[in-house]
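Input: a single structure, listed below in structure tokens.
Not measured: the values here are computed from a predicted model. So you know, we letter chains A, B, ... as the sequences are listed, proteins then strands, and number each from 1.
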Amino acid sequence: MDLKLLNTNQRDAVEKIGGPILVFAGAGSGKTRVLTYKIAYLINNIGLPPENILAVTFTNKAAQEMKSRVVDLVKADISGIYIGTFHSISARILRREISLLGYTNDFIIYDQQDSRTLIKNIIKNLDLDSKQFDAKSVQIRISSVKNLLHSVSHVGSNIENFNDEKFHQIYKEYQNELKLSNCVDFDDLLLLPIELFNKNPERLKWYQNKFKYVLVDEYQDTNKPQFEFIYSLSSSHKDIFVVGDDDQSIYGWRGADISNILNFQEAFGTSNVIKLEQNYRSTQNILTAAWSVVSKNINRAEKKLWTKNKKGDNLDVIEAFDERDEAKKILNKITNYKKEFNETSILYRTNSQSRAIEDELRKAGIPYQIIGGVKFYDRKEIKDIICYIRVIVNSNDSISFDRVINFPSRGIGNTSLNKIHQYSKSNLLSIFETLKHADNLQVNNKQTQGMKAFYKLITHYKKRSKEDKGSNIIRDLIKDINLQAYYDNQKTDDALSRWENIEEFISSMVEYEINNKNADLSTFLEEISLLTDIDRWNDTDESITLMTVHSAKGLEFNQVFITGLEDGLFPIVRYLEDSDIEEERRLFYVALTRSKKKIILSYAKSRRKFGSEPIITMKSRFIAEIPEELITFESNNKLENNKNYNYNVSALNNIKNNCASEIHIGENVEHKVFGKGKVINIEGIGDNSKLTIKFYNNMTKKLILKYANLKVIGENYGK
DNA sequence: GGCGTTTTCATTTGT
DNA sequence: TGAAAACGCC
């Protein structure tokens with residue numbers, strides 16, 4: 001490990017040991033490097049065993065990367081280290097300790113959708129007006145109450161009106177049901193360890209003693225429970241090292257408390273404060289632009305970022321007619337620039353903006369990956385399987401039970417289901433064990449048989465789950481319930497792709513089992529509940545990445561598009577409050593500082609909402625906050641057409657080099673994303689021609705030759 | 001109870 | 001636009 005590779009302040013941050021340390025790390029100032037060197041330094045130079053280190057990162061992917069970089073530096077086994085997100089570390093602790101709180105260690109982690117279903121049921125059961133108490137707003141309120149560390153009884157003693165009273169009832173019932181189901185929600189994951197430590201000081205002491213050094217990344221985005229968590233672990237020894245940047249605080253809406261970083265010294269006592277102000281990532285122009293923007297904020301810590309990097313290009317601004325035009329112009333730009341697809345990212349404020357861009361990329365055959373939006377594990381067909389697994393792992397999980405008891409149909413509808421629930425409640429049986437008493441439920445024979453069949457099925461797999469691999473079990477279960485036939489019979493593309501997703505899901509189980517020696521159904525469930533799209537993201541793939549600015553935090557690319565720069569969309573401000581606009585501005589700052597070389601800003605003069613009539617929009621105020629001399633405005637003029645023409649010639653050369661022959665009908669070709677296929681039609685000539693290709697997976701696509709980047713694999717391939 | 005059709009309503013951002 | 005809820009018929 002060569003500390004000479006670090007600048008003075010970075011080195012200072014690495015070598016200073018003892019007492020609280022706060023590092024203000026500006027964008028691109030090498031903070032990941034500091035964190036990895038620091039951990040390596042603790043292990044190698046200080047002699048601290050890895051199992052005494054707790055490091056909190058923002059994503060699981062970041063944790064993995066950090067771990068492998070540390071291994072490279074210390075060249076030793078560090079598998080004992082605790083490194084991960086707040087949520088995954090909390091889950092890990094709870095797996096060992098949760099019995100102290102009256103749950104069992106095979107608890108299930110409910111996602112937002114599960115929580116909402118539960119809340120919806122509770123509202124219904126309490127006979128409340130579902131308009132007045134809509135599940136979504138109640139869910140948001142419960143979450144924010146939890147983030148303030150307000151318990152059910154705390155809420156109960158602060159009731160001011162009818163609404164509060166009913167809310168208290170729902171909250172209370174919600175926590176009851178979670179516990180009965182042996183389930184926790186995302187917020188509980190952070191709250192339960194705190195409760196555990198409060199109630200069991202000797203467990204707290206044990207963990208304080210275990211985690212002799214605590215490191216936290218992205219400290220500006222920690223919320224109250226997260227602060228409590230690390231404070232209780234580290235306040236005894238004060239060996240805590242946090243890294244953050246108040247200018248990049250973008251999670252205020254989910255309870256992140258910027259005062260955690262601004263008041264760090266107050267909370268932990270006299271601390272070393274180190275500032276990393278040299279930016280190694282971006283060009284001078286990008287940094288100046290970003291700095292001019294964020295400097296407009298009032299509420300921020302004193303610092304200044306600088307760079308030795310060269311000036312670089314101006315920032316381009318594209319004006320488009322509407323969102324489709326915007327997408328087309330982006331596409332043009334992408335091909336205008338060097339073909340470093342994996343070094344290009346398209347960012348937007350809201351997930352729904354991805355559609356128009358996605359459509360254009362797909363049409364052009366440019367490979368891309370989308371992060372966020374509907375997550376893989378949230379898809380209906382996947383969630384069904386997950387709920388089967390949950391029921392196998394945990395007999396008490398009633399939300400998951402409800403989902404699969406009648407899927408595929410066993411003739412058990414709402415009426416029977418209600419009877420099951422009632423019987424379960426009045427006889428204090430787990431929802432699953434209630435089925436054992438199907439004969440007492442006063443339902444018709446068809447229903448009774450259905451229940452018994454389901455009971456037998458799950459019992460069988462419960463038993464097998466103790467002796468066989470999860471992937472085998474689920475494969476067999478899927479066969480037992482005839483799932484493939486269920487989808488095949490629908491004979492729609494949609495059903496087909498759903499079945500393909502299920503196959504992919506099983507592959508992901510297999511992969512997980514290969515990578516994890518102690519894999520079982522329960523650990524697999526935990527893994528997927530805490531995985532995000534970013535964690536699954538393949539950043540070495542030759543493809544463009546589309547994501548929200550929030551998802552892009554911590555990442556960097558050569559070329560970054562920031563799209564939808566319209567007032568009302570970015571910034572998305574609803575109520576013109578100063579604190580909101582400052583967070584939006586920080587978000588824009590984060591977006592700008594993702595880029596190393598090139599930034600393209602775009603906005604549309606009109607935009608459709610929900611695919612309805614276009615609404616006239618206005619250019620974002622943020623564009624005007626960038627010094628004019630750093631910006632090149634582009635519009636539809638001759639100059640740009642010329643540029644396109646020049647580019648197309650080189651694109652054609654590229655194709656020629658790649659293909660080594662001209663493409664004609666009947667040719668077999670290979671596409672990076674869609675695989676192998678046969679050209680069945682060609683419209684137009686030259687590199688602009690549109691090819692219709694039937695791929696071997698039965699998909700037929702129209703692609704434009706110059707973008708499709710096809711490999712010719714010969715006419716006789718596979719006949 | 002099942003299943004197809006109509007209607008409604010939503011968009012910040014995500015662990 | 002498109003998914004989920006509500007509706008209505010078998």
Side-chain angles (χ1 to χ4, degrees), chain A residues 56-62 84-91 109-113 115-117 120 124 130-131 134-137 140 143 146-147 184-191 218 221-223 225-226 249-256 323 347-356 358-359 371-375 377-380 405-418 443-444 446-447 450 490 494 526 528-535 547-553 564 568-575 580 583-584 586-588 590-591 607-613:
Chain A
V56 186
T57 57
F58 201 69
T59 64
N60 293 296
K61 193 185 174 69
T85 62
F86 274 105
H87 289 83
S88 68
I89 286 166
S90 300
I109 301 164
Y110 271 180
D111 64 25
Q112 208 169 285
Q113 192 191 343
S115 302
R116 186 160 319 164
T117 310
K120 211 176 279 171
K124 204 184 279 166
S130 66
K131 291 246 156 56
D134 99 289
K136 194 184 168 188
S137 9
I140 290 170
S143 180
K146 284 187 172 183
N147 281 328
V184 305
D185 68 12
F186 279 129
D187 298 318
D188 286 343
L189 234 28
L190 304 172
L191 296 176
E218 306 283 8
D221 281 325
T222 51
N223 62 20
Q226 290 166 341
S249 161
I250 54 175
Y251 283 97
W253 53 274
R254 110 183 160 191
E323 72 276 357
L347 307 180
Y348 33 77
R349 180 69 237 274
T350 65
N351 281 306
S352 58
Q353 288 165 255
S354 69
R355 171 154 294 120
E358 203 187 341
D359 285 348
I371 312 284
V374 179
K375 287 168 202 67
Y377 296 110
D378 286 345
R379 288 163 189 268
K380 186 211 166 290
I405 177 79
N406 205 32
F407 176 83
S409 170
R410 293 182 185 86
I412 300 164
N414 271 333
T415 321
S416 311
L417 189 56
N418 283 336
V443 292
N444 294 330
K446 184 184 170 194
Q447 281 66 36
Q490 295 177 24
D494 187 55
E526 176 172 319
I528 62 177
S529 348
L530 300 177
L531 268 190
T532 63
D533 271 14
I534 279 281
D535 300 324
M547 64 188 142
T548 62
V549 183
H550 282 92
S551 296
K553 186 167 92 152
L569 183 60
F570 198 175
I572 204 165
V573 185
R574 273 190 178 172
Y575 320 100
D580 287 347
E583 182 154 317
E584 291 294 309
R586 290 193 293 268
L587 197 55
F588 187 50
V590 168
R607 188 176 292 272
R608 266 169 270 261
K609 261 188 179 172
F610 316 130
S612 65
E613 286 303 290

Could you state the [atom1]-[atom2] distance from [X] to [N], rounded to the nearest angstrom?
X	N	atom1	atom2	value
A/Phe407	B/dG2	CZ	P	13 Å
A/Asn351	B/dA10	CG	P	18 Å
A/Lys609	C/dG2	NZ	P	18 Å
A/Asp221	B/dT13	CG	P	16 Å
A/Arg116	B/dA10	CZ	P	11 Å
A/Arg608	B/dA10	CZ	C1'	18 Å
A/Tyr348	B/dT13	OH	P	10 Å
A/Leu417	B/dG2	CG	C1'	15 Å

So, does [X] get its side chain near the phosphate of [N], meaning an N or O under 4.0 Å from OP1 or OP2?
X	N	answer
A/Thr532	B/dT15	yes
A/Thr85	B/dT15	no
A/Ser352	B/dT12	no
A/Ser551	B/dG14	yes

Nearest listed nucleotide, side chain of [X], among [options]:
X	options	result
A/Thr415	B/dT12, B/dT15, B/dG1	B/dG1
A/Asn406	B/dG2, B/dT11, B/dG14	B/dG2
A/Phe610	B/dT15, B/dG1, B/dT11	B/dT11

Check: Would you find more than 12 non-hydrogen atoms of other residues, nucleotides or ligands less than 6.0 Å from A/Lys609 atom NZ?
Finding: no
Next item on the list: Please state the P separation for the pair C/dA6 and B/dT11 - nearest whole angstrom.
Entry: 16 Å
Next item on the list: Sticking with atom P, work out how far B/dT13 lies from C/dA4, rounded to a whole angstrom.
Entry: 16 Å
Note to self: Taking A/Arg349 first and then A/Glu584, would you say they form a salt bridge - that is, a charged N and a carboxylate O separated by under 4.0 Å?
What the structure shows: yes
Next item on the list: Could you tell me whether A/Asp188 and A/Lys146 have a side-chain N and a carboxylate O separated by less than 4.0 Å?
Entry: yes
Note to self: Please find the pair of heavy atoms, one from A/Gly450 and one from A/Ile412, that lie closest to each other, and give the distance.
What the structure shows: C-CD1, 3.8 Å
Note to self: Regarding A/Asn351 and A/Ser354, do their side chains bring together a donor and an acceptor under 3.5 Å, going by distance alone?
What the structure shows: no
Note to self: Given 3.5 Å as the limit, does a donor-acceptor pair link the side chain of A/Asp185 with the main chain of A/Asp187, or not?
What the structure shows: yes
Next item on the list: Verify, without hydrogens or angle tests, whether A/Glu323 (side chain) and A/Arg608 (backbone) share a donor-acceptor contact under 3.5 angstrom.
Entry: yes
Reckon [X] touches a base, only the sugar-phosphate, or nothing at all at heavy-atom distances under 4.0 Å?
X	answer
A/Lys120	sugar-phosphate
A/Ser529	nothing
A/Ser416	sugar-phosphate
A/Lys553	nothing
A/Asp111	nothing
A/Ile412	sugar-phosphate
A/Gln447	sugar-phosphate
A/Tyr251	sugar-phosphate
A/Asn414	sugar-phosphate
A/Arg355	sugar-phosphate

Item checked: ring centroid sep under 5.5 Å plus plane angle under 30, A/Trp253 with B/dT13 -> yes
Note to self: Judged by each residue's nearest nucleotide on DNA chain B, which is more toward the 5′ side, A/Phe58 or A/Gly413?
What the structure shows: A/Gly413
Check: Want to settle it: does A/Ser409 or A/Gly372 sit nearer the 5' end of DNA chain B, counting the closest nucleotide to each?
Finding: A/Ser409
